[in-house]
Enquirer: 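I have a structure here, written as structure tokens, and I will follow up with some questions on it.
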Amino acid sequence: RCSDLNAELGGNPKRSSWGPPALPVEPALYDRPFPFYRRPAEVGRFSLDAQRCYHGDARQLRYFAPPATMHPTPPFDLRHGYRDRYVRRDEGLREGLEHLLRWTAQNQERLRAKDDIAGRPLNADFVTWRGHLTKVLTTPYERQEGWLLAVSLFRGTLYISEEETPATQLQREQRSETLKELTYMGYKFERYMCADTPDGSPDPTGVVNTNEAFCTVVRTRLGSHSLLFAGEVDCTDPCGPWAEPPACYIELKTCKELHSPAQRRSFYRYKLIKWWAQSFLPGVSRIMAGFRAPDGSVVALETFETMKIFQLIRDDPSCWKPAVCMNFCEAFLAFLKRVVTEDDPHLVHLFAWEPGHPVSYTRHHGGEHVFLPTWYVETMSG
Ligand code: 0WD
Ligand code: CA
């Protein structure tokens, strides 16, 4: 019975008696074997400097330089510099896909298909930020935050760009002082763990500037969908067990100290799913967590191997499953291909999701939702 239901609903949009089809998100509908996911290959890199200016190179790449033991002594002080050594990126500026599109436009030659019959300039079904895909992956298990994803089909490729929901905009503008400091502490942790050169040591007295970013661009395939996406990477460990990008990259995270098995279980259930999805997508092989005490000090580090995270959760039957996340993403991308069929950069389908509901969409021609910049449309039409 159950498998009949799966066959009927698994990833297929359900047409209600009225209105456009919607995509259900219940985990049970996507609980099948892990779909095909090709090992992600890095096809490019770019950097954003202290002024948030784009450079088509790896100048912002930093190098993993951990302390000698997993118990840093003296402990890292993540609050240090919050008042006087912090340059914050202007989050009111909505950049959309801008930097990624710049990279794409500058690398058209290597992105063209060799036997291109469709005549499309980019040999990819989807172009987006990794962070947007992370949100799609975790949707079947998410109970708090919804999302809005704008999608346009342009010269044979579907572009996905996030819009802020009214709720997230309000949250961003009314963020508490505690939350602002916690955000800073995440960036500060990076300063303690990374050096600017391969043989250097971290300089935790320096300025934290959140304009700076190093991004990797990867190409991969999920089921029948070819993907090109970019993601911000914290650092590389060229001497680690995986020498080649993207496997040599390391994601750095901070987390409240865990004191009991119950706290650890809850961390696995609600937080590790996001860490896993974010690093699994681009093929980042390790995540290093710094556990912070209430006073903002980090007294313990722990490494998570991305490919082994499923082992930590598989014995908890009420926990999340990687296969469900990936099957849902596959179904979501198939849904986009079915819905967005008119090739027009001024046409935007806005896909909206709120916890407890299926994914629905609305259609907009022209106006405020259009996100592909004119310069990009002109460059890629030439
Ligand atoms: O303007 C926008 N609407 C967005 C811009 C939405 C999403 C991303 N971006 C930009 C960011 O400015 C950044 O340069 O994309 C880049 C990161 O993209 P991503 O890798 O796809 O994003 P994600 O996986 O969500 O985040 C990776 C890291 C974060 O690390 P943690 O450990 O916190 O997950 O990118 C940083 C952050 O350090 N980051 C951002 N930095 C500045 N502005 C932002 C942001 N909006 N989002 C994430
Ligand atoms: Ca990070």
Side-chain angles (χ1 to χ4, degrees), residues 40 42 45-55 60-62 64 78 86-104 126-138 145 147-150 159-165 168-169 171-173 175 179-180 182-194 208-218 227-236 246 249-255 271-284 286-290 292 298 301 303-304 306 369 371 373:
E42 181 175 78
R45 311 167 132 191
F46 61 87
S47 296
L48 305 173
D49 68 18
Q51 281 78 40
R52 200 72 182 168
C53 293
Y54 172 97
H55 301 275
Q60 294 290 349
L61 176 60
R62 286 186 288 172
F64 187 52
L78 299 186
Y86 188 16
V87 179
R88 222 175 298 188
R89 186 185 83 96
D90 180 354
E91 289 184 37
L93 293 179
R94 309 299 299 164
E95 298 176 327
L97 299 183
E98 184 183 320
H99 303 299
L100 168 59
L101 295 181
R102 171 99 72 123
W103 182 89
T104 307
F126 294 92
V127 169
T128 191
W129 279 109
R130 174 270 310 270
H132 303 353
L133 293 175
T134 305
K135 289 192 178 173
V136 174
L137 253 68
T138 57
E145 280 182 24
W147 45 251
L148 272 179
L149 293 171
Y159 293 82
I160 308 175
S161 180
E162 187 176 28
E163 277 191 17
E164 222 172 20
T165 65
T168 31
Q169 187 183 347
Q171 261 175 33
R172 178 169 58 76
E173 287 164 356
R175 213 177 294 164
L179 218 56
K180 284 183 189 159
L182 275 178
T183 307
Y184 172 79
M185 287 159 68
Y187 289 111
K188 186 70 186 181
F189 180 59
E190 299 173 7
R191 309 304 310 192
Y192 278 104
M193 298 291 297
C194 306
V208 169
N209 184 329
T210 57
N211 288 300
E212 297 175 6
F214 164 78
C215 295
T216 176
V217 187
V218 303
L227 314 175
L228 181 71
F229 57 84
E232 192 175 324
V233 165
D234 291 327
C235 60
T236 181
Y249 295 140
I250 298 185
E251 173 64 38
L252 301 170
K253 293 283 186 212
T254 57
C255 178
K271 201 139 191 182
L272 207 51
I273 180 177
K274 295 185 180 171
W275 293 10
W276 171 80
Q278 184 188 38
S279 287
F280 179 75
L281 277 164
V284 168
R286 271 179 298 167
I287 303 166
M288 184 161 261
R292 54 179 154 69
V298 167
L301 304 172
T303 303
F304 295 92
T306 310
H369 297 296
F371 64 89

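Both backbone and side-chain heavy atoms feed into the values below; hydrogens, waters and symmetry mates do not. Note that ligands are numbered from 1 as they come in the structure, with each ligand's atoms numbered from 1 the same way.
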Enquirer: How close does the nearest protein non-hydrogen atom get to atom 7 (C) of ligand 1, and which residue and atom is it?
Expert: H132 CE1, 3.9 Å
Enquirer: What do we get for E164 next to ligand 1 when only non-hydrogen atoms under 4.0 Å count, side chain, backbone, both or neither?
Expert: neither
Enquirer: Mind checking whether L252 contacts ligand 1 via backbone (N, CA, C, O), side chain (CB onward), both or neither, at a 4.0 Å heavy-atom cut-off?
Expert: backbone
Enquirer: When you measure from the heavy atoms of A230 to every atom of ligand 1, does any distance fall below 4.0 Å?
Expert: yes
Enquirer: For E232 and R130, work out which heavy atoms get closest and say how close.
Expert: O-NH2, 2.8 Å
Enquirer: May I ask you to decide if T210's main-chain N or O and R89's side chain share a donor-acceptor pair within less than 3.5 Å?
Expert: no
Enquirer: Taking the Ca ion (ligand 2) as the reference point, name the nearest N/O/S atom of D234.
Expert: OD2
Enquirer: Please list, in number order, the atoms of ligand 1 under 4.0 Å from a heavy atom of Y187.
Expert: 37 (C), 38 (O), 41 (N)
Enquirer: Which heavy atom in T306 sits nearest to a heavy atom in V284, and how many Å separate them?
Expert: OG1-O, 2.8 Å
Enquirer: Below the 3.5 angstrom mark, is there an N/O of Q278, backbone or side chain, next to an N/O of ligand 1?
Expert: yes
Enquirer: For residues L252 and M193, report the shortest heavy-atom separation together with the two atoms involved.
Expert: CD1-CB, 3.9 Å
Enquirer: Side-chain contact test, heavy atoms from C-beta onward, threshold under 4.5 Å: evaluate it for W276 versus L137 and give yes or no.
Expert: yes
Enquirer: So between E91, R130, R89, whose heavy atom ends up nearest atom 45 (C) of ligand 1?
Expert: R89
Enquirer: Can you figure out which of R172, R94, R88 has its heavy atom closest to atom 3 (N) of ligand 1?
Expert: R94
Enquirer: Testing the basics here: between T134 and L281, what is the closest heavy-atom pair and its distance to 0.1 Å?
Expert: N-CD1, 3.6 Å
Enquirer: With respect to K253, determine whether any N or O atom, backbone or side chain, lies less than 3.5 Å from an N or O atom of ligand 1.
Expert: yes
Enquirer: Is the closest N or O pair between T134 and ligand 1 shorter than 3.5 Å?
Expert: no
Enquirer: Would you mind listing which atoms of ligand 1 come within a distance below 4.0 Å of any non-hydrogen atom of G231?
Expert: 20 (O)
Enquirer: Return yes if some donor-acceptor pair links the side-chain N/O of S161 with the main-chain N/O of G96 below 3.5 Å, else return no.
Expert: no
Enquirer: Please name the pair of heavy atoms, one in C215 and one in W129, separated by the smallest distance, quoted to 0.1 Å.
Expert: SG-CZ3, 4.0 Å
Enquirer: Can you tell which part of E232 has a heavy atom less than 4.0 Å from ligand 1: side chain, backbone, both or neither?
Expert: both
Enquirer: Looking only at heavy atoms, what is the nearest atom pair of F214 and Y249, with distance?
Expert: CZ-OH, 3.6 Å
Enquirer: As a check for students: among G92, S47, G131, A277, identify the option with a heavy atom nearest to atom 21 (O) of ligand 1.
Expert: G131
Enquirer: With the threshold set strictly below 4.0 angstrom, can you tell me whether any protein non-hydrogen atom sits that near atom 36 (C) of ligand 1?
Expert: yes
Enquirer: Do Y54 and F46 have ring centres separated by under 6.0 Å?
Expert: yes
Enquirer: Below 3.5 Å, N or O to N or O, backbone or side chain included: is there any such pair between E190 and ligand 1?
Expert: no
Enquirer: Report yes if the side chains of K271 and K253 come closer than 4.5 Å at any heavy-atom pair, otherwise no.
Expert: no
Enquirer: Less than 4.0 Å between atom 17 (C) of ligand 1 and some protein heavy atom, yes or no?
Expert: yes
Enquirer: Would you tell me which option among H99, E95, E212, R52 has the nearest heavy-atom contact to atom 11 (C) of ligand 1?
Expert: R52
Enquirer: Are R175 and E91 within salt-bridge range, i.e. N to O under 4.0 Å?
Expert: yes
Enquirer: Is F229 close enough to touch ligand 1? Criterion: a residue heavy atom under 4.0 Å from a ligand atom.
Expert: no
Enquirer: Is there an N/O/S atom in L252 that lies less than 3.0 Å from the Ca ion (ligand 2)?
Expert: yes
Enquirer: Restricting to N, O or S, what is the name of the atom of E251 that lies nearest the Ca ion (ligand 2)?
Expert: OE2
Enquirer: Under 4.0 Å from atom 47 (N) of ligand 1, is there any protein heavy atom?
Expert: no
Enquirer: Would you say the side chain of L149 lies within less than 4.5 Å of the side chain of V136, judging by non-hydrogen atoms?
Expert: yes
